[in-house]
2 protein chains.
Amino acid sequence: MSPLPTSTKLDHRLPRYHRVREALSAEIAAWRWKPEEAIPSETEIAEAHRVSIGTVRKAIDSLVADGVLERFQGKGTFVRRPDFQSSFFRFFRFANVDGPVRVPVSRILKREVTTMSAAVAAALKLEVGAAALRFSRLRLIDERPLVLEDIWLPYERFKALLAIDTREFGDLLYPLYEQYCGVMVASAQETLSAEAVSAKNARLLALVAGEPVIVIERVALSADRQPLEWRQSRGPASEFRYQVEIR
Amino acid sequence: MSPLPTSTKLDHRLPRYHRVREALSAEIAAWRWKPEEAIPSETEIAEAHRVSIGTVRKAIDSLVADGVLERFQGKGTFVRRPDFQSSFFRFFRFANVDGPVRVPVSRILKREVTTMSAAVAAALKLEVGAAALRFSRLRLIDERPLVLEDIWLPYERFKALLAIDTREFGDLLYPLYEQYCGVMVASAQETLSAEAVSAKNARLLALVAGEPVIVIERVALSADRQPLEWRQSRGPASEFRYQVEIR
DNA sequence: TAGTGGTCTAGACCACTCC
DNA sequence: GAGTGGTCTAGACCACTAA
């Protein structure tokens, strides 16, 4: 294995396993290994960093705990692609869950270049009035509206999306962010609430005005925890379950 | 240190650190050490279980990760008391959050001895029709109804609660469980949904029938993950926020 | 100073995967 | 059979806490 670039100045006061962890995550962020690709074996990493295998294991342990890597006995350790598709189905439960798991069909209702409102700018840690890309999107299963989304992105980082016809966006946005904007969503913070649906949203969701809808506000973050996207989703409460463990 | 009781039949096929973990969490659940109390040192535990210190560390690591124990360098390892009061305020947000944090006042509306319904029995891993203790409780802030709760407990473990006048219950139940039933809630699983409020619940919550309410189903667990309590809470959606991090 | 957890080593053997 | 991660050992030294 070639010598590992210690890209950032590594503080010698930090524990070794911590320095190994930083070195590995820096290399992952720099795409030395693509998602789904195996990183070198624990023995190789230990030799490269001149530490014992136990120290490497501790570094990898913490990256696995943070969902950055995945281990498979006998196969290797792999860069994990955060699977928001499956998380979608972890959080949403539908009346007819017997059949195969399906991604809802997405329909972009609107795409515009605008400026950040105060609330969105705060969530994305940008200036109020900064240039923004905004999407309105409807997600359906069996032609039945399921989720209505209002999505805000910083213009500079995502302007490449303007070049694509919205009818060719496909059903998932995060793969597009990766492909066209070189940006990978690594985690997200969500805030749930509920409200009586407005007349306008009721029309789009095929509900009666006043029926309860769940509202989810999501800030999507990169691996180094920079906010990338703000999104607000609304769906009929009757179709919705959300599970959490408190400790 | 006295020999540790290996209370449950421990499967010798399991990894040793796993067996040590099970033994420790069983003892915590059995109140061998009270919350905020130090457990024996890693060296002592290693000797008692005849494993190396590294194996003990791995067992304790996982209990710390699960929020059951807390470590302090130079001081020891302590049984953690989950702070459900503060978690209540992490999850709920009220219109007037400027003032000091307050626990809602609790009013027990009803206490009865009954039998487990199918759904509750399944959640608590008991037989349908097993004896149950059931409470209906309303929680208020400034005389304003905030949460309506339906609480189910296994009769045997909690029958001591029948001896206390419900007007003397106080505003939090988990301290009562600890004091009178020798049971500590260590974690909980919650499922969120929303619905249009029924006429009956609307009356109790001072809402108009049909307004959206959040529904939280909670199963409270002991340190060794035995289900202790099932509870369903309903509150006006307008008063409610819930925050989660996805990875 | 004695005792605690925090870090680290340099091996060992096992279970699993793939060829 | 070769290579991987999973478990485990029996120590070591360090940093921190409390008496």
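Side chains included, hydrogens not; waters and symmetry mates left out as well; all remaining heavy atoms used. Order of the sequence lines fixes the chain letters, A, B, ..., with proteins taken first and strands second; residue numbering starts at 1 for each chain.
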Next item on the list: Please find the earliest and latest nucleotides of DNA chain C, in the 5' to 3' direction, that have an atom within less than 4.0 Å of any heavy atom of chain B.
Entry: C:dG3 to C:dT7
Margin query: Here's a test of your reading of the structure: between A:Ile60 and B:Arg16, which maps to the more 5' nucleotide of DNA chain D?
Written below: A:Ile60
Notebook entry, point to check: With sequence neighbours excluded, what pairs up with A:Trp152 under the side chain to side chain donor-acceptor pair (under 3.5 Å) test?
Noted result: A:Asp150
Item checked: For B:Arg137, salt bridge (charged side-chain N to carboxylate O under 4.0 Å, His left out) partners two or more places apart -> B:Glu149
Check: Taking only residues two or more places apart in sequence or in another chain, which ones pass side chain to side chain donor-acceptor pair (under 3.5 Å) with B:Gln226?
Finding: B:Arg157
Next item on the list: Could you pull out all residues at least two apart from B:Tyr155 that satisfy side chain to side chain donor-acceptor pair (under 3.5 Å)?
Entry: none
Margin query: List the residues meeting side chain to side chain donor-acceptor pair (under 3.5 Å) with A:Ser193, not counting sequence neighbours, and say none if there are none.
Written below: none
Item checked: Any residue meeting ring pair (Phe, Tyr, Trp, His ring centres under 6.0 Å) with A:Phe169, in chain and number order, not counting sequence neighbours -> A:Phe135
Note to self: So, using side chain to side chain contact (heavy atoms under 4.5 Å, CB included) as the criterion, who are the partners of A:Glu70 when residues are at least two apart?
What the structure shows: A:Phe72, A:Arg80
Next item on the list: Could you check how far CD of A:Glu47 sits from P of D:dT4, rounded to whole Å?
Entry: 10 Å
Check: Which ones in residues 70-79 of chain B lie close to DNA chain D, meaning a heavy atom under 4.0 Å from one of its atoms?
Finding: B:Gln73, B:Gly74, B:Lys75
Checklist line | Whichever of B:Gly54 and B:Glu42 has its nearest DNA chain C nucleotide further upstream toward 5' | finding: B:Glu42
Item checked: Beyond-backbone contact of A:Val185 with A:Ser222, side-chain heavy atoms, under 4.5 angstrom -> no
